[in-house]
Asker: 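I'd like to ask you about the structure that follows.
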There are 2 protein chains.
Amino acid sequence: MKAGTDLAQIGSLVGDPARANMLAALMGGTALTASELALEAGVGLPTASSHLAKLSEAGLVDVVRQGRHRYYTLADHHVGAMLENIMGVAAKLGPTRVLPGPRDQAMREARVCYDHLAGEMGVAMLDSFIERGLIRLEDGLPRLSEAGTSFFQNSGIDVNGMKRKRRPVCRTCLDWSARRAHLAGSLGAALLDRIQAKGWVRREKGSRTIRFTPMGRREFELFLRD
Amino acid sequence: MKAGTDLAQIGSLVGDPARANMLAALMGGTALTASELALEAGVGLPTASSHLAKLSEAGLVDVVRQGRHRYYTLADHHVGAMLENIMGVAAKLGPTRVLPGPRDQAMREARVCYDHLAGEMGVAMLDSFIERGLIRLEDGLPRLSEAGTSFFQNSGIDVNGMKRKRRPVCRTCLDWSARRAHLAGSLGAALLDRIQAKGWVRREKGSRTIRFTPMGRREFELFLRD
DNA sequence: GATATAGTTTGGTTATGGTCGAAGTATGAA
DNA sequence: TTCATACTTCGACCATAACCAAACTATATC
């Protein structure tokens, strides 16, 4: 009874097409303004504003005011994971998607999951870290090994700084396309940052899909073999 | 855009209070008839029938006719996992649940997650299996070791039979109360079966909560130390 | 056969909530 | 100060869908 009420509350928030589009857009990980989200959702500004107020009040999204803009983001990675999960079920159930088009194909290969890399490339990355002993799995939860700590620190990622924060450094997230785990957490986020900073990928604008450039792909694979 | 539509579709199904209550009831794992679900949801039979038609058409629930009854169940464990996930977010976000009441306490400790054991007891069980080397984690996915195969086979669970089926034998499921993994998959389901068959637990009717009897608790802990 | 039980279908009512235009607030720029 | 941009609030409108009563179908029991 009580459980049903909780379910319904979140469900109805996600259940409105306009809000669902907004949330899907925010899955891209970049903060978006109210106007951008209105455009994304295909509704007027007043409507968008009211939707965002609801999402924000419920705690699904965070907002930070900057000048006359309001930047919205997903509240945290749990929300991102939940949305990813729902999309996974939708994809399984969905109206007989026979052939995943070329666009879906690219998305399967690499995409942004809130703030980290997902898709086959993301799964491959975590696999590689585990194989090389940089990350170890304990009770199903990933932990950075000592070797991993120094490896990432040497790569210019401030892992020790991360360890002092609240957010877990390593976390796994179930990849709906590959049905395997990929790396989330602050380390996952930092790695996506670097991949983007190094110009290995192009973001398709308005989409979660990311495409590796030929050069970027080579570099990335080298990085995994390191 | 397309992703948003998928989200909204599932969201709106889960977003109606009546349907949410039905789904929550089905999380208990037992098949329920349309009338039982109507009662659970607090709506009339015609209303329930229409809701169930929608859920069924969308593929979230399965129905099997038996005489003049129709027994509904969640379509598969992915749906269960999704609902569990949504509840987890709701619990985190929820209206400042300060003190989890005694009832919630029991639910934290042990409950049914669609067809397997969840809560602290479920987490403890998986921990124990891993510690004893019966289950090993590879790439974040649990796999039965050889020792595990013979152990469970000796306990009277037909693991080898399970391996031939489509459904994975071992799967982890993130426990929203403990934020740790517990064991799902066909082995998880079989273990819950045995726990119930041995009379170690009492089901609270109309609830997912299960309570270990004093004796059952002792036996269960022995089983984990085995 | 007649009767009861389980569930669906139909039709009509109601209300929740999404929508936008217009007016209002807040911040920044000229 | 004045104008422009970014967003919110208000008010009114409208569509979707949740709901039930009554009628209907199908299965079981007597």
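Chain A is the first sequence line, chain B the second, and so forth, proteins listed ahead of strands; every chain is numbered from 1.
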Asker: Look for any protein N or O under 3.5 Å of an N or O in nucleotides 19-21 of chain D and output each such pair with its distance, or none.
Answerer:
residue, atom, partner, partner atom, Å
D:dC19, OP2, B:His51, NE2, 2.6
D:dC20, OP2, B:Gly44, N, 3.0
D:dC20, OP2, B:Thr47, OG1, 2.8

Asker: Under the 3.5 angstrom rule, does the side chain of A:Arg208 hit a backbone N or O of A:Val112 as a donor-acceptor pair?
Answerer: yes
Asker: Side chain of A:Ser49, backbone of A:Leu45: donor and acceptor closer than 3.5 Å?
Answerer: no
Asker: Using only atom types and a distance under 3.5 Å, with no angle test, would you say the side chain of B:Gln9 pairs donor to acceptor with the backbone of A:Ala90?
Answerer: no
Asker: For A:Gly88, does its backbone N or O pair with a side-chain atom of A:Asn85 as donor and acceptor, under 3.5 Å?
Answerer: no
Asker: Within the structure, does a side-chain N or O atom of A:Lys54 lie under 4.0 Å from either OP1 or OP2 of C:dG18?
Answerer: yes
Asker: Rounded to whole Å, please give me the gap between CE in A:Met22 and C1' in C:dT19.
Answerer: 12 Å
Asker: Please give, in whole Å, the distance from C:dG17 P to A:Leu55 CG?
Answerer: 14 Å
Asker: Under 4.0 Å, counting only non-hydrogen atoms across every strand here, what does B:Tyr71 touch: a base, just sugar-phosphate, or nothing?
Answerer: nothing
Asker: Which whole-number value in Å describes the distance from B:Leu13 CG to D:dT16 P?
Answerer: 17 Å
Asker: First locate atom CZ of A:Arg217, then atom CH2 of A:Trp200, and finally report the distance between them rounded to the nearest 0.5 Å.
Answerer: 12.5 Å
Asker: Give a yes/no on whether any side-chain N or O of B:Arg68 is located under 4.0 angstrom from OP1 or OP2 of D:dT29.
Answerer: no
Asker: Verify, without hydrogens or angle tests, whether A:Gln153 (side chain) and A:Val159 (backbone) share a donor-acceptor contact under 3.5 angstrom.
Answerer: yes
Asker: If you compare every side-chain N and O of B:Arg65 against the phosphate oxygens of D:dT27 (OP1, OP2), does one of them come in below 4.0 Å?
Answerer: yes
Asker: Starting at atom NE2 of B:His69, determine the distance to atom P of D:dA28, rounded to an integer number of angstrom.
Answerer: 9 Å
Asker: Taking atom P of C:dA6 as reference, at what distance in whole Å does atom CG of B:Leu37 sit?
Answerer: 14 Å
Asker: Carefully, step by step, assess B:Leu23 and B:Val61 under the rule side-chain contact (heavy atoms from CB on, under 4.5 Å).
Answerer: CA-CA 8 Å; B:Leu23 291 170; B:Val61 305; 4.0 Å; yes
Asker: How close or far is atom P of C:dC20 from atom CG of A:Leu39, stated in whole angstroms?
Answerer: 13 Å
Asker: Within this structure, what is the CG-to-P distance between B:Leu52 and C:dT9, rounded to whole angstrom?
Answerer: 12 Å
Asker: Can you tell me if the side-chain N/O atoms of B:Arg19 get under 4.0 Å from OP1 or OP2 in D:dA18?
Answerer: yes
Asker: Would you kindly give the CZ-to-P distance between B:Arg70 and D:dT25, to the nearest whole Å?
Answerer: 15 Å
